[in-house]
2 protein chains.
Amino acid sequence: MGKAPTIYDVSRKAGVSTATVSRVLNNPGKVNQATRECVENAIRELDYRPLLEARIRTAKDVRRICVCAPHFTANSFVQRLRGIAVAFAGRNYELQVYSVASKNHMDHFIEMLELNRMDGIITLSLPFTEEQILKINAYHIEMAMIEYASPLANCVVINDREGGQMAADYLIRKGRKRFGIACELTKTDYSVFPNLHRLESYREELTRNGFELETRYIYDVMCDTNATYQKFLEIFRSGDYPDAIFATADLHALGILRAAKENNIRIPEDVAVIGFDDIDFADYVGLTTIRQNLDQSGRIAADLLTNRMKDPSRPLQHVQLPLTIIERETA
Amino acid sequence: MGKAPTIYDVSRKAGVSTATVSRVLNNPGKVNQATRECVENAIRELDYRPLLEARIRTAKDVRRICVCAPHFTANSFVQRLRGIAVAFAGRNYELQVYSVASKNHMDHFIEMLELNRMDGIITLSLPFTEEQILKINAYHIEMAMIEYASPLANCVVINDREGGQMAADYLIRKGRKRFGIACELTKTDYSVFPNLHRLESYREELTRNGFELETRYIYDVMCDTNATYQKFLEIFRSGDYPDAIFATADLHALGILRAAKENNIRIPEDVAVIGFDDIDFADYVGLTTIRQNLDQSGRIAADLLTNRMKDPSRPLQHVQLPLTIIERETA
DNA sequence: TTTTACTATGTAACTGTTTTCATTGTAACT
DNA sequence: AGTTACAATGAAAACAGTTACATAGTAAAA
């Protein structure tokens, strides 16, 4: 017995036409008591369930929301996802994950919405164009964006420029003299690069205080702890390195820490390292870092979304989350 | 005016067949660039939008697979999910995540399947009963289970007993004398507890070699790095602790490492720590651990699933993944 | 008894889309 | 030139239902 039963199976079993079965389902009044019972029995016995109806019922009482993100296995993403999941826990929501790894995917994602209705979507670090957002709006799908701001959607962001400035001030205050930065410089077209803002304001704040961010201390790293580790192994071996490094993401900082250890470079005595994000593991390696509350950003985005799904007349909101320096041992 | 445009209107306007229009929508690669643009224009001009109901009617599969797991934000889980996502990348499947946090959820999950069709599901560490699996099979949904074995489904597992034994042997070989273990002892009814097997075989292997696993060195920890950290802060402060600890999951090991550092306990000189899993971060804290290839387990489960979705007559498979000791600095 | 009116049911057309299969045209090998 | 391979396309058959229309049966009215 292969497939799920269809209306034809039911009609055969009950010895009536499909029209009658259909009527039992949609217009019970129009069909004779006895026949109706007979059909109902057949339905029950076959566990028949009209396909479409199932879908419609689904759409009614369980809502589907989709989280759309690049490199969704990075720690910072997972923590946001956790915030989102917590916010939806226990409510009748399905969480779907869509992973973006190229610009194409973003369009494909939108096309998918056409086919596969969602009630809401949360995007992470994705630079959707105005046109794309309008398209999504046209489907009447609510949307909240994290780490990218658009006037057309709910957004939750941080002030990246402030972050760079905080890092600079902190390191200056600690008496450092030669400043470096580890930052992903090579952009892709499908993700957002707040690190570049952090870099710029870091540089500006240093200049403002009479220091210079020398070009050779600007390290271009890839979004991957291991790659950063490899790169800094060489940097430390070369002997020419700054006495303070701002890693624009914790995952870079972890690579730096490990490379330093391997080269017997003392942290923070020889080199102070400050990260950005405050991922879970920062605590366990004693990383001093600038916290943007990842869990909370997810939770807030989820709230923005549900509020608007309940009452679409609510105005769009833009939330800016505060940054705090978490002082631990590395700077 | 009147009706919404149908695919026929589009095909007429573009001067092609409905089949071609359909292809433009669902399989753009299969249609010539020029034709496609022509069709796309027609679609745009008519503001054509395919009718969901009609699509559902003909769709034989929903191109959706669901990953069902407890505490899905744990690192080990995410790494498996990454393996799964990689396997499905580019294959045009939706990945849905269902999070289980109580026994109820498992039944609820099955009920949901009734309404919300899936093509396949992958479960992680979930002890579905035979009855439940049969129910799922009745929906003709393919299924692959990770970290739990059932003769009724595809499974990918490891040999947990072997793992405990490996840990014991390794620590004995390193000349340790007083053995401890950090392990989640309190069971829930909605998750599987392979750690207990690891504990048992660890104990047995110690005994076999003339050592004893003393009760006071069996530490019951919760599935959370921070909780483990707190617990071990006290343990280390108390002064009575073993010189070797097997943490049945890396996330516990990380908590132990941090607590040790805070108490100026040298690792591995004073206490050797060996973990289990080899999560990404194990490398960055130099944790010696027993690797079960998490990414791979996800990937393999995904392959098992897709193979069976393509050809349901394939026999069920049970895959057992090998374990390897990764020697780093903590033991 | 015949007519009328109405109920219960079946037949078959229809819905808008996807998909299989066959056909055509073209480019690349013998 | 002849064959092969393949990309692009269309015709038509599914898909799982609903519905218009026809028909048969029955009860009430004439």
Side-chain angles (χ1 to χ4, degrees), chain A residues 1-43 46-59 111-117, chain B residues 1-43 46-64 91-94 114-117 119 139-140 309-311:
Chain A
M1 31 170 46
K3 308 260 100 180
T6 74
I7 200 169
Y8 294 100
D9 300 320
V10 178
S11 74
R12 202 172 315 123
K13 174 142 204 160
V16 300
S17 72
T18 62
T20 304
V21 178
S22 179
R23 274 187 281 260
V24 169
L25 256 22
N26 306 305
N27 259 323
K30 291 237 181 291
V31 42
N32 181 319
Q33 171 88 15
T35 325
R36 183 168 68 217
E37 274 167 22
C38 175
V39 171
E40 277 166 354
N41 282 336
I43 289 179
L46 292 172
D47 191 27
Y48 164 72
R49 193 175 303 268
L51 204 53
L52 192 59
E53 204 214 330
R55 274 310 203 104
I56 288 166
R57 199 176 343 159
T58 297
E111 278 169 31
M112 181 207 72
L113 292 176
E114 202 168 354
L115 169 61
N116 240 316
R117 286 311 179 131
Chain B
M1 34 169 65
K3 310 256 93 179
T6 74
I7 200 169
Y8 293 102
D9 301 322
V10 177
S11 76
R12 201 173 317 121
K13 175 145 203 159
V16 299
S17 73
T18 62
T20 303
V21 178
S22 179
R23 273 188 284 260
V24 169
L25 254 24
N26 305 304
N27 258 322
K30 290 237 181 293
V31 39
N32 183 325
Q33 171 87 15
T35 324
R36 183 168 67 219
E37 274 166 20
C38 175
V39 171
E40 278 165 354
N41 283 336
I43 289 179
L46 293 172
D47 190 27
Y48 163 71
R49 196 174 304 256
L51 202 60
L52 187 60
E53 299 169 357
R55 275 192 158 176
I56 291 166
R57 211 179 306 139
T58 52
K60 44 174 62 79
D61 54 7
V62 287
R63 311 243 85 194
R64 183 185 311 153
R91 311 246 244 112
N92 229 341
Y93 275 96
E94 281 176 25
E114 204 166 350
L115 297 183
N116 226 340
R117 264 178 66 205
D119 292 316
Y139 295 140
H140 305 106
M309 293 193 304
K310 261 184 287 187
D311 175 12

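Just so it is clear: chains get the letters A, B, ... in the order the sequence lines come, proteins before strands, and each one is counted from 1.
Annotation: the span from Ser17(B) atom OG to Arg23(B) atom CZ amounts to 6.0 Å, rounded to 0.5 Å. Thr20(B) contributes atom OG1, which lies 11.5 Å from atom CG of Leu25(B) (distance to the nearest 0.5 angstrom). Atom OG1 of Thr18(B) sits about 11.5 Å away from atom CG of Asp9(B), to the nearest 0.5 Å. The distance from atom CD1 of Ile7(B) to atom CZ of Arg12(B), rounded to the nearest 0.5 Å, is 12.0 Å.
Judged as a side chain to side chain contact (heavy atoms under 4.5 Å, CB included), and not counting sequence neighbours, the contacts of Ala42(A) are Val10(A), Lys13(A), Ala14(A). By the side chain to side chain donor-acceptor pair (under 3.5 Å) test, Asp47(B) pairs with Arg49(B), sequence neighbours left out. The side chain to side chain donor-acceptor pair (under 3.5 Å) check on Glu37(B) picks up Gln33(B), with sequence neighbours excluded. Taking Thr58(B) as the reference, nothing meets the side chain to side chain contact (heavy atoms under 4.5 Å, CB included) condition, with sequence neighbours excluded.
Projected onto DNA chain D by closest heavy-atom contact, Lys30(B) and Ala54(B) fall at different nucleotides, the more 5' of which corresponds to Lys30(B).
Rounded to whole Å, the distance from CZ on Arg36(A) to P on dT9(C) is 10 Å. Atom CG of Leu46(B) is separated from atom P of dT17(C) by 12 Å (rounded to the nearest Å).
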| note | A correct 5'-to-3' footprint of nucleotides 17-25 of chain D, with B, S and - meaning base, sugar-phosphate only and no protein heavy atom under 4.0 Å, is BSB------
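Taking the side chain of Asn32(A) as heavy atoms from C-beta on, and the options dT9(D), dA8(C), dG10(D), the nearest nucleotide is dA8(C). Considering only the side chain of Ser17(A), dT11(C) comes nearest among dG10(D), dT11(C), dC15(D).
End-to-end axis angle of the helix from dT1(C)-dA30(D) to dT30(C)-dA1(D), using five pairs per end and rounding to 10°, comes to 40°.
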